[in-house]
Undergrad: 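One structure follows; several queries about it will come next.
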Amino acid sequence: MEKFTSPPRPVLCFLFALCALGLLLAPPAFAIDLKIESASFDQHFNPGELVTFTVKLKNNEASTQFAEVDVTLVNIDTEAETTLTPILAADIAANSTIELTRSYSVEAGTYTVSFPLFDGNGVRVDRIASSFPLHVGTETESLRVFPEAIHLGSLLPGRAMHPTPVTVEWNQYRFNRLRLDVPFSIRIYTDNAARYRGIPGAIRRASPAGLVSRDGRYVIPVKIWDLNYGPDIQESGWDAPLAGPPAVDEDDYWIGPPLLEGGRNLGSAAWVRIPDLLDMTANPISWRRLMGQDPHDSRFVSDTNRTGDFTLRSPFTFYLATDIGPTAVEGTYSAILIVELWSP
């Protein structure tokens, strides 16, 4: 009988030894300890002006190290990425700090700005991004709304959204002597004071905000929605940029989401009422702002929106809706609706 024996394993053992030897002989990779301590630049410029960037670098190594900073711009509209040249580069002495400054000519546009740092081996060892964008443009201010007249048709009992959106085209570029944003808002309100009389003998005079009857006695409130009013897809599952305005027959969007202890969070409703000029005070909290920006207002600041900027790209749209309740009086209603670009 022929005897079978298992083949020897010297090849496998040899290969394993080679692999282990290769692992032992591989040179260790150590990151060079270079850091960006700060980076600064002014936020607004006119075309033709030079934009100056200043970057402060720290070398934490015990020997002199080469450092390279690529000032990187990304156009918010076109998403084109540009690395400004010539780059910022220098040799930094051991355990010391250096400040690099250079000025560049930047084309008109709005850009996000980042500062990647590379060592002498071309390895990126640090990176910071600016909290504020860079604006380059010509000072201007314009606003246009279409359509200029809106016919709501016959309003039936209950909630109803006007199916035709109102389009707003805007352009605003202003900055102060410190080259910071000039605050502005696009706000909306009705101006019915001259048309509204209210019910004679009433104990309390109602707000004239909304649609006013022809005889000036009655008002139907009007609500509005745009992308700044949500709802947040993380909270409600409704993708507003994709699906458009939320359903008016859903109380979560019309009144506000329910609270754990009962009731409704009235301050989180997606559909919000349009005020009248008489309802508005000097405090912007009493306004109905469609969009805007204000570096000194922290109301819209969040983890993902550190600047508090709540602008929308031009053009943007908003929708109108009404709620005809059981006390509404039959008649012909109208209103003067103002869309205004306001800046102090």
Side-chain angles (χ1 to χ4, degrees), residues 29 31-59 65-92 98-140 169-175 178-182 227-228 233 239 241-242 291-293 295 300-316:
I32 296 177
D33 194 358
L34 298 173
K35 296 296 180 183
I36 301 178
E37 291 196 340
S38 65
S40 62
F41 60 93
D42 290 331
Q43 297 178 27
H44 293 81
F45 294 87
N46 293 131
E49 293 184 307
L50 294 179
V51 184
T52 300
F53 297 90
T54 300
V55 183
K56 189 175 182 180
L57 305 177
K58 177 66 181 299
N59 176 18
Q65 297 293 331
F66 174 81
E68 171 190 324
V69 177
D70 295 352
V71 182
T72 305
L73 308 182
V74 177
N75 190 299
I76 292 178
D77 294 322
T78 65
E79 298 183 358
E81 181 177 307
T82 303
T83 298
L84 300 180
T85 55
I87 60 175
L88 296 172
D91 289 320
I92 310 177
I98 191 174
E99 192 171 86
L100 304 179
T101 299
R102 191 177 290 276
S103 299
Y104 302 90
S105 177
V106 180
E107 295 182 357
T110 304
Y111 304 88
T112 61
V113 185
S114 61
F115 301 88
L117 171 63
F118 299 88
D119 62 17
N121 299 318
V123 178
R124 196 180 80 180
V125 293
D126 197 9
R127 177 185 179 274
I128 65 172
S130 172
S131 299
F132 297 90
L134 170 66
H135 303 263
V136 180
T138 303
E139 293 181 82
T140 184
E169 295 180 1
W170 67 278
N171 192 0
Q172 202 276 352
Y173 185 79
R174 303 279 184 189
F175 56 90
L178 299 177
R179 295 188 179 270
L180 300 177
D181 287 323
V182 171
L227 282 174
N228 274 326
I233 188 174
D239 189 353
L242 178 65
M291 54 149 283
Q293 65 180 11
F300 299 95
V301 172
S302 65
D303 292 340
T304 57
N305 181 21
R306 291 178 291 175
T307 66
D309 186 323
F310 62 110
T311 56
L312 298 171
R313 289 190 179 184
S314 179
F316 69 92

Undergrad: Indicate the atoms forming the closest heavy-atom contact of Asn228 with Phe310, along with that distance.
TA: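 In this case the closest contact between Asn228 and Phe310 is ND2-O, 2.9 Å.
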
Undergrad: Do Asp126 side-chain atoms and Ile36 backbone N/O form a donor-acceptor pair below 3.5 Å?
TA: yes

Undergrad: Taking ring-ring contact (aromatic ring centres under 6.0 Å, His included) as the test, write out the residues that go with His44, two or more places apart.
TA: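 Per chain and number, His44 pairs via ring-ring contact (aromatic ring centres under 6.0 Å, His included) with His135, Tyr173, Phe175.
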
Undergrad: Evaluate the criterion side-chain contact (heavy atoms from CB on, under 4.5 Å) for residue pair Thr311 and Phe316; output intermediate values, then yes/no.
TA: CA-CA 10 Å; Thr311 56; Phe316 69 92; over 6 Å; no

Undergrad: Using every non-hydrogen atom in the two residues, find where Ala90 and Ile98 come nearest and quote the distance to one decimal.
TA: CB-CD1, 4.0 Å

Undergrad: List in chain and number order the residues that pass side-chain contact (heavy atoms from CB on, under 4.5 Å) with Ala80, two or more places apart in sequence or in another chain; answer none if no residue qualifies.
TA: Thr78

Undergrad: Working to the nearest 0.5 angstrom, can you tell me the gap between Ile87 CD1 and Glu68 CD?
TA: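 Between atom CD1 of Ile87 and atom CD of Glu68 there are 3.5 Å.
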
Undergrad: When rounded to the nearest 0.5 angstrom, what is the spacing between CD in Glu99 and CG in Leu57?
TA: 9.5 Å

Undergrad: Any salt bridge (charged side-chain N to carboxylate O under 4.0 Å, His left out) pairs touching residues 36-59, not counting sequence neighbours?
TA: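 Counting only pairs at least two positions apart or across chains, the salt bridge (charged side-chain N to carboxylate O under 4.0 Å, His left out) contacts touching residues 36-59 are Glu37-Lys56, Glu49-Arg179.
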
Undergrad: So, using side-chain contact (heavy atoms from CB on, under 4.5 Å) as the criterion, who are the partners of Gln65 when residues are at least two apart?
TA: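 Only Ile32, Leu34, Asn59, Glu61, Ser63 meet the side-chain contact (heavy atoms from CB on, under 4.5 Å) criterion with Gln65.
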
Undergrad: Does some side-chain heavy atom of Val51 sit less than 4.5 Å from a side-chain heavy atom of Ser103?
TA: no

Undergrad: Would Thr138 and Thr140 count as a side-chain contact (heavy atoms from CB on, under 4.5 Å) if you check the C-alpha gap in whole Å, the side-chain angles of each, and the deciding distance to 0.1 Å?
TA: CA-CA 6 Å; Thr138 303; Thr140 184; 5.8 Å; no

Undergrad: When rounded to the nearest 0.5 angstrom, what distance separates CZ in Phe66 from CG in Asp119?
TA: 9.5 Å

Undergrad: If only atom types and distance count, is the side chain of Trp170 paired as donor or acceptor with the main-chain N or O of Leu312 below 3.5 Å?
TA: yes

Undergrad: Drop me the distance from Asn75's CG to Glu107's CD, to the nearest 0.5 angstrom.
TA: 9.0 Å

Undergrad: Would you name the heavy atoms of Leu100 and Ala89 that are closest together and state the gap between them?
TA: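 Closest heavy-atom pair between Leu100 and Ala89: CD1-N, 4.0 Å.
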
Undergrad: Give me the atom names and distance for the closest heavy-atom approach of Gly137 to Pro47.
TA: O-CD, 3.3 Å

Undergrad: What residues form a side-chain contact (heavy atoms from CB on, under 4.5 Å) with Thr83, not counting sequence neighbours?
TA: Asp70, Thr72

Undergrad: Please find the pair of heavy atoms, one from Pro133 and one from Thr110, that lie closest to each other, and give the distance.
TA: CB-CG2, 4.1 Å

Undergrad: Rounded to the nearest 0.5 Å, what's the gap from OH on Tyr104 to CZ on Phe41? Could you check?
TA: 13.0 Å

Undergrad: When you measure from the side chain of Tyr111 to the backbone N and O of Glu81, does any donor-acceptor pair fall under 3.5 Å?
TA: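 Judged by distance alone, no pair lies under 3.5 Å.
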
Undergrad: About how many Å separate OG of Ser38 and CZ of Phe115, when rounded to the nearest 0.5 Å?
TA: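 Those atoms lie 9.5 Å apart.
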
Undergrad: For Thr82, check side-chain contact (heavy atoms from CB on, under 4.5 Å) against everything at least two apart and list the hits.
TA: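 So Thr82 forms a side-chain contact (heavy atoms from CB on, under 4.5 Å) with Leu84.
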
Undergrad: Looking at Ala67 and Leu117, what are the two nearest heavy atoms and their distance?
TA: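 Closest pair (atom of Ala67, atom of Leu117, distance): CB-CD1, 3.9 Å.
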
